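Bear in mind the structure is a predicted one, so any value in this text is a computation, not a measurement.
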Amino acid sequence: MVAAAAVCLASGAAATGCSGSAATDERSAGQLLDDAYRTMKSLKSVTVDGDVRSAGGKRSANHLTTDLRATCTFKSSSESGAALEQIRIEGTDYIRPNRAYLEQWSGRKTPSAAEPGRWIKKPSSESVPGDGLSDCTWPFTAFGRAKKSGAASVDGRRAIALVVTDEKVENGTYTLYVAAEGKPYLLEVDYKGTDFHTTTTFSAFDEPLEVKPPAEDELLDLSGTDG
């Protein structure tokens with residue numbers, strides 16, 4: 001969860017307007033980030049993919065497609081095989097953990113009737129920090145001091161790399177990649193520290209978002225249980 005928090009901290013960015021090439025863009029690093037922050041905050045939908053690698057070699061990943069407000073789909077997985085899927089639609093969560101996830105977190109309060117392959121329906125108001133669920137939002141918030149680090153490419157898109165340091169984060173450096181052409185989207189945030197390395201990529205900007213609840217026959221019937 002500490003690693004996940006660092007991924008969130010890293011993702012300061014959003015913007016309006018258009019970017020030039022890395023070679024000709026005369027905006028300062030701070031101006032580029034301000035543009036990126038505004039663009040990302042104005043999005044109606046986005047897909048976020050995160051990859052977290054610890055110094056000990058453990059690895060986990062997450063995939064979020066969201067309207068950045070109250071509707072999203074989310075999946076987290078780890079190399080242990082544990083995986084958790086979530087669909088949030090306004091005030092309702094649908095949650096589906098696999099067997100490895102249930103075994104890994106058996107010490108936590110989990111519906112006693114939980115079964116792999118079935119979705120659990122519950123109010124999103126019952127979600128709390130640390131339970132592994134997404135709240136569909138993303139903290140596109142400015143932080144630290146930035147400086148340009150030259151031209152780059154992210155999934156074939158031209159970008160400008162910005163190195164960001166923050167005195168509140170010891171022994172770690174962030175590199176943020178802002179699109180150099182078209183709207184100045186934040187394309188990727190890379191964090192390298194002594195304890196872990198995280199890479200967060202952003203894509204599918206403002207693409208149509210279709211989030212539907214599971215079919216009724218896929219839901220777990222919790223009536224008559226204490227879970």
Side-chain angles (χ1 to χ4, degrees), residues 1-11 46-68 70-139 172 189-204 209-227:
M1 297 310 297
V2 172
V7 172
C8 291
L9 176 62
S11 45
V46 66
T47 293
V48 186
D49 286 286
D51 181 84
V52 182
R53 286 152 284 176
S54 71
K58 293 184 178 180
R59 191 168 186 172
S60 61
N62 55 75
H63 178 83
L64 170 70
T65 297
T66 176
D67 67 357
L68 294 173
T71 299
C72 62
T73 61
F74 175 73
K75 182 175 182 178
S76 62
S77 59
S78 66
E79 61 181 15
S80 68
L84 175 69
E85 294 177 85
Q86 173 196 2
I87 298 172
R88 175 169 290 191
I89 301 175
E90 297 299 334
T92 301
D93 275 326
Y94 301 90
I95 307 161
R96 181 164 67 176
N98 68 1
R99 185 174 299 281
Y101 187 95
L102 291 172
E103 292 175 353
Q104 180 174 329
W105 298 104
S106 59
R108 295 194 175 194
K109 185 177 180 180
T110 305
S112 57
E115 298 175 5
R118 305 293 293 276
W119 293 88
I120 302 162
K121 180 180 179 180
K122 61 188 295 186
S124 57
S125 59
E126 295 182 8
S127 174
V128 296
D131 64 5
L133 300 181
S134 172
D135 66 0
C136 299
T137 64
W138 199 266
V189 176
D190 189 79
Y191 170 80
K192 292 182 179 179
T194 55
D195 296 328
F196 52 85
H197 177 195
T198 68
T199 301
T200 306
T201 57
F202 303 89
S203 62
L209 185 67
E210 293 187 10
V211 178
K212 298 180 180 179
E216 286 296 324
D217 59 5
E218 294 182 299
L219 295 177
L220 184 65
D221 183 3
L222 295 180
S223 60
T225 72
D226 59 4

To the nearest 0.5 angstrom, please state how far the [atom1] atom of [X] sits from the [atom2] atom of [Y].
X: Glu85; Y: Ser77; atom1: CD; atom2: OG; value: 10.0 Å
X: Ile95; Y: Lys121; atom1: CD1; atom2: NZ; value: 12.5 Å
X: Gln104; Y: Asn98; atom1: CD; atom2: CG; value: 9.5 Å

* To do: Mind running side chain to side chain contact (heavy atoms under 4.5 Å, CB included) on Leu219 and Tyr94 for me, showing each step along the way?
  => CA-CA 8 Å; Leu219 295 177; Tyr94 301 90; 3.8 Å; yes

Do [X] and [Y] have side chains that approach each other closer than 4.5 Å (heavy atoms only, starting at C-beta)?
X: Pro214; Y: Ile87; value: yes
X: Val48; Y: Trp138; value: yes
X: Trp119; Y: Leu220; value: no
X: Asp67; Y: Cys72; value: no
X: Glu90; Y: Thr71; value: yes
X: Leu84; Y: Leu133; value: yes

For [X] versus [Y], what's the shortest heavy-atom pair and its separation?
X: Phe74; Y: Ser134; answer: CG-CB, 3.8 Å
X: Pro97; Y: Ile120; answer: CD-CD1, 4.3 Å
X: Arg96; Y: Arg118; answer: CG-O, 3.5 Å
X: Leu68; Y: Thr137; answer: O-CG2, 3.7 Å

Can you find a side-chain donor-acceptor pair between [X] and [Y] that sits under 3.5 Å?
X: Thr199; Y: Asp51; result: no
X: Thr47; Y: Thr65; result: yes
X: Arg53; Y: Thr198; result: no

* Crowding at CD, Glu126 (>12 non-hydrogen neighbours, <6.0 Å) -> yes

* Would you call the rings of Phe196 and Tyr191 parallel, tilted or perpendicular if under 30° counts as parallel and over 60° as perpendicular? -> tilted

* To do: Any pair with a residue in residues 194-203 that passes salt bridge (Lys or Arg N to Asp or Glu O under 4.0 Å), sequence neighbours left out, goes on the list, sorted by first then second residue, please.
  => none

* **Salt bridge flag under 4.0 Å for residues Arg88 and Asp93** => yes

* Check the pair Val46 / Thr66 against side chain to side chain contact (heavy atoms under 4.5 Å, CB included), numbers first and verdict last. => CA-CA 6 Å; Val46 66; Thr66 176; 4.0 Å; yes

